[in-house]
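Written out below as structure tokens is the structure these notes cover.
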Amino acid sequence: MDHFLSEDQQAIVDLAKQISREMIVPKRVYYDETEEYPLDIVETLAKSDFFALFVPEEFGGLGGSCYDLVLALEQIGHGCVGIATAYAASALGTYPIIVGGSQELKEKYLPKVATGELRAAFGLTESNAGSDAGGIQTTAVLDGDEWVLNGTKQWITNGGQAHIYTIIAITDPHKGARGASMFIVEADDPGFSCGPKEKKMGIRCSATTELIMKDCRIPKDRIIGRRGTGFITVMKTLDKSRPGIASLGVGLAQAALDEAASYAKTRYQFGKPIISFQAVQHLLADMAIETEAARALLYVAARHIDAHPKDMSKGSAMCKVKATDVAMKVTTDAVQVLAGYGFMREYPVEKMMRDAKILQIYEGTNQIQRNVIGQELNKEYTK
Amino acid sequence: MNIVVCIKQVPDAKDVRLDPETNTLSREGVKSVINPYDRHAMEEGVRLKEEFGGKVTVVSMGPPQARAILEEAISCGADDAILVSDRAFAGADTLATTYTLSQAIKKIGAVDLVICGKQATDGDTAQVGPGLAVRLDMAYVTCVQQVSTVTDKVVVLERMMDDGYDEVEVELPALLTVVKEVNTPRFPSIRGLRKARVADIPSYTAEDIGADVAMLGLGGSPTQVVKVFPPEPKGDRTILTGSVDEIAEKLAEIFRESSIGG
Amino acid sequence: MLIIDTDACIGCGLCEDNCPFDAIHVEEGKAVVGDECTLCGACIDHCEVDALTIDKEEVAGIDLDAWSGVWVYAEYRNGRIAPVTHELLGVGTDLAKKRGVKLAAVLLCESAGDVPAELIASGADIVYTVEDPALKDFTDDAYGHALEDLALKYKPEIILAGATAIGRSFIPMVATTLGTGLTADCTSLEIGDDGHLHQTRPAFGGNIMATIMCPNHRPQMSTVRPMVMQANESDASRTGEVISETIAPERLISRCRVVKSVYTESNQVNITEADVVVSGGRGLETAEGFRLVEELADLLGGAVGATRAAVDADWIGYPHQVGQTGKTVASKLYVACGISGAIQHVIGMKSSETIVAINRDEKATIFDIADYGVVGDLFEILPAVIEKLKK
């Protein structure tokens, strides 16, 4: 369907599509099987300005419009959600600096993020703190001119591949929600290290590791915003990043639909292409309806966020839930359309189904998203 | 360093067919693209500029639609683009083409390095690069597979030969034609695409480049195409059938005959 | 310019339908030509009322009779005459006979040794040799100036060279300085009844053949595709004249310097020169599968070729790649194993004499251009053939 994109947006879509088709699709099986980090593709995306897309213009970026990024991520996710995650994780890791960082920190880091020279990662999750961010145990203590960080982050995307890590740690344990702060840790800071790469069900090429901080010392000015604003920065960051995950869901669902429909046209049973059977048609029709609906909600949410940056929680949570649930359903149905072939690793849909699952989990499970939406509704109807 | 890259718009080779009834090129569904070798020439120009400084100007001789490939060149990192377009250029063979291009390049001013693709996939002559170098009085090297060093005086590079390669040092100004091994062309960038959309691409006519009309187009071309025809079709093919052993026996016989007999 | 006689034009639109470049359109009942016109002449051929003409000023022709004789550039590198040289002497013999002139070979090198005798045995009546240390390594300007100076001195009507890396590099320079036409990569050469050289070559990756002439300029120059022309039987009893020439030293100063030459394929058969090429594609499935192709090539004394897919999979190196982004071969026997026949590959091998295709998929397009096809499992058929050939 025509979403009346501007000439510039269409150019971004076309370019992302070209890179996806010519570079990502031919390599996605290799990267899925070897679980290698797709450095060449990430560097290609950087050279083509995709890392500038989420950085504000005054810091060497292209403006940071949510809609532009969503359009790009959809096409990259259409090619491979694992590779797209390796790219998008830098946006997630950079957002805390954009939403909460000082002018000095922004000037120091953002221009290099925009060129791709620096890749970023976001460190929130710990073994006892997932959906409940209140369970964070990593601590940061001010010692003279330095912060000293101790603790371990778990399942951090881009671990070992990023150059800068935005990490939340408890600075004042007794202050509850106001007791956490965010910091920028550089990969070569003393006392900082990454664990081995985790073995995952899907998005296998994206690097997922522990981040280990053992008396990790960083300069005092690496704190993002004021002391005690960590949770607020995290919430703003996730509000901003969730449409990106939704984009991966829409791109993935579309890719699965494309595979299923073209297969159904060429697969003959009972002397006819299986697309001529109503049972298959209905399956495909539902896949198409859901994908278009998810995309429509995503684009509306993205435009809303660009126009109303202070009111993004509900829209961003809604499009994340919808698009990623759709991606799970559509990829599962795509495997069903391809049936036995769909189950074989020779065909791309089983990987799509494996990749879909994480979308419902990371950057806030879809259950947590519904909590966010519920709380927003509660606020709205109190007025 | 002032670098000029020459590019050409060609029909996508895999789409081109001769209509067997009319004996003319069938244009149906034929896309126009940048000559594949020229992508590598563009990339090499931009790469050298990024490494050694300077400016890349892309030049294309062709009909007005060739503007599309010049915009693409800008989106991939070229600084400037010039279209060389005039009805008077039509029907040019390689001799007339090199004259026209050389006149256009002379108008740009002092050029240190000209880079061309090894050949264009429509004509496959590989003659424009060397001819252009002669007209610009430049040293040249064809089939460059790697450019190692560039100084203000020389370029050190590898020239692909049939039996290996030569390491060659060539004095500047020089013209290089490149093969696909020389680099991997980049994709456009978002900034490049924005720049291309508003780029001012001048179009030079025969008059603009101060050309002698007698040396242009069909009139300036010593060669003439007198006939175009489809290649001879293959004779009837034989599909070998039978057991694996029988097929193997027949194949062995064919192999012995055609490899020794011919 | 394309001239449209608007009185004669009836606006039928045949020209529009047949223009390959979408350059001519009927507007208000008359044909109008746009800037896209390349003067290819397709419209003129189709116009039934002779309303179209190409206006070409007649070139003040040079004195064609002043140019006489057929020349072959004898390519000599790394102590070896390029095989195409003998093929050029073969076709050159026919052309010279038809024109009633002598066939000469031009040898540029550091030291000629026995090479002139070999060239005479292959059909040359005269061998012009230039021996100079400056010609030790190939450089375009030194070789180009030498050939240019000789051509201006002796005025041959035809100069042929191999369409090799060297021939295709410096011959265009000579044609440009002589201001004459050059036709690249010819696959057929004939003297027409008009006495001119008719040069036929493939264009658009071999989808079209074009015959090209150079009627008003001399010399007529061609580079000729290797492996297409027939060499003469070498005859050691033939006699001929060897003329040693000297080129002014300043003409042999090159702006290029060859630092070193690396011969990567000296120990193997070069696939572009091989009589037999056995090629493998994706259908071989693995690097081990690909070894079958190598074994068969070895048994047939041939070279190994590959599709881009096989090269990309690292089953074999790039020098073996055949096709649009690889090499073009014209072998006597081409065996395509597990190759589907994508146009990008076919472009590089379809001028081979006998093509044998083995593929599991009977619909594979490779069978369209094959002389012999086998629909079946490579892993059964190849070992069986190898077994038979070993006996």
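Labels below follow one simple rule: chain letters A, B, ... track the order of the sequence lines, proteins then strands, and each chain is numbered from 1. Quantities reported herein were computed from a predicted structural model and do not represent experimental measurements.
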Heavy-atom distance under 4.5 Å to chain C: side chain of [X], backbone, both or neither?
X         : answer
Leu240(B) : both
Ile239(B) : both
Met138(B) : backbone
Tyr37(B)  : side chain
Gln119(B) : side chain
Val226(B) : both
Gln65(B)  : side chain

Compare all side-chain heavy atoms of [X] with those of [Y] and state whether any distance is below 4.5 angstrom.
X         : Y         : answer
Thr94(B)  : Pro172(C) : no
Met173(C) : Tyr140(B) : yes
Thr223(B) : Thr183(C) : yes
Leu251(B) : Lys388(C) : no
Thr142(B) : Arg168(C) : no

Any idea which of [options] has the most non-hydrogen atom pairs under 4.5 angstrom with chain C?
options                                    : result
Ala252(B), Ala174(B), Cys143(B)            : Ala252(B)
Gly217(B), Pro63(B), Ala139(B), Ser85(B)   : Ala139(B)
Lys250(B), Glu253(B), Arg159(B), Arg135(B) : Arg159(B)

Please classify the contact between [X] and chain B as side chain, backbone, both or neither, with a heavy-atom cut-off of under 4.5 Å.
X         : answer
Ile171(C) : neither
Phe170(C) : both
Thr200(C) : side chain
Ala357(C) : neither
Pro383(C) : neither
Val346(C) : neither

Discussion item. I'd like to verify something: which residue of Gly181(C), Ser169(C), Ala384(C), Ala210(C) has the highest number of heavy-atom pairs under 4.5 Å with chain B?
Written reply: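 So the answer, after comparing Gly181(C), Ser169(C), Ala384(C), Ala210(C), is Ser169(C).
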Discussion item. Looking at chain B, which one of Asp185(C), Thr272(C), Val356(C), Thr177(C) has the largest number of heavy-atom pairs inside 4.5 Å, strictly under?
Written reply: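 Looking at each option in turn, the highest pair count goes to Val356(C).
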Shortest non-hydrogen contact from [X] to [Y]?
X         : Y         : answer
Gly131(B) : Thr176(C) : CA-OG1, 3.3 Å
Arg87(B)  : Val33(C)  : NH2-CG1, 3.1 Å
Ala175(C) : Leu95(B)  : O-CD1, 4.1 Å

Does [X] reach the main-chain N or O of [Y] with its side chain, forming a donor-acceptor pair under 3.5 Å?
X         : Y         : result
Asp162(B) : Ala165(C) : yes
Arg201(C) : Gly123(B) : yes
Glu380(C) : Val244(B) : no

Fill in: Arg77(C) CZ: over 12 foreign heavy atoms closer than 6.0 Å
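More than 12 heavy atoms, drawn from other residues, nucleotides or ligands, come within 6.0 Å of this atom.
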Worksheet item: Which residues pass the salt bridge (Lys or Arg N to Asp or Glu O under 4.0 Å) test with Glu158(B), sequence neighbours left out?
Response: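 Glu158(B) satisfies salt bridge (Lys or Arg N to Asp or Glu O under 4.0 Å) with no residue once adjacent residues are dropped.
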Item to complete: Measure the spacing between CD1 of Ile254(B) and CG of Leu333(C) and express it to the nearest 0.5 Å.
Response: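 The CD1 atom of Ile254(B) sits 9.0 Å away from the CG atom of Leu333(C).
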Discussion item. Under a 4.0 Å threshold between the charged nitrogen and the carboxylate oxygen, would Arg255(C) count as salt-bridged to Asp137(B)?
Written reply: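 Looking at Arg255(C) together with Asp137(B), the answer is yes, because their closest N to O distance falls below 4.0 Å.
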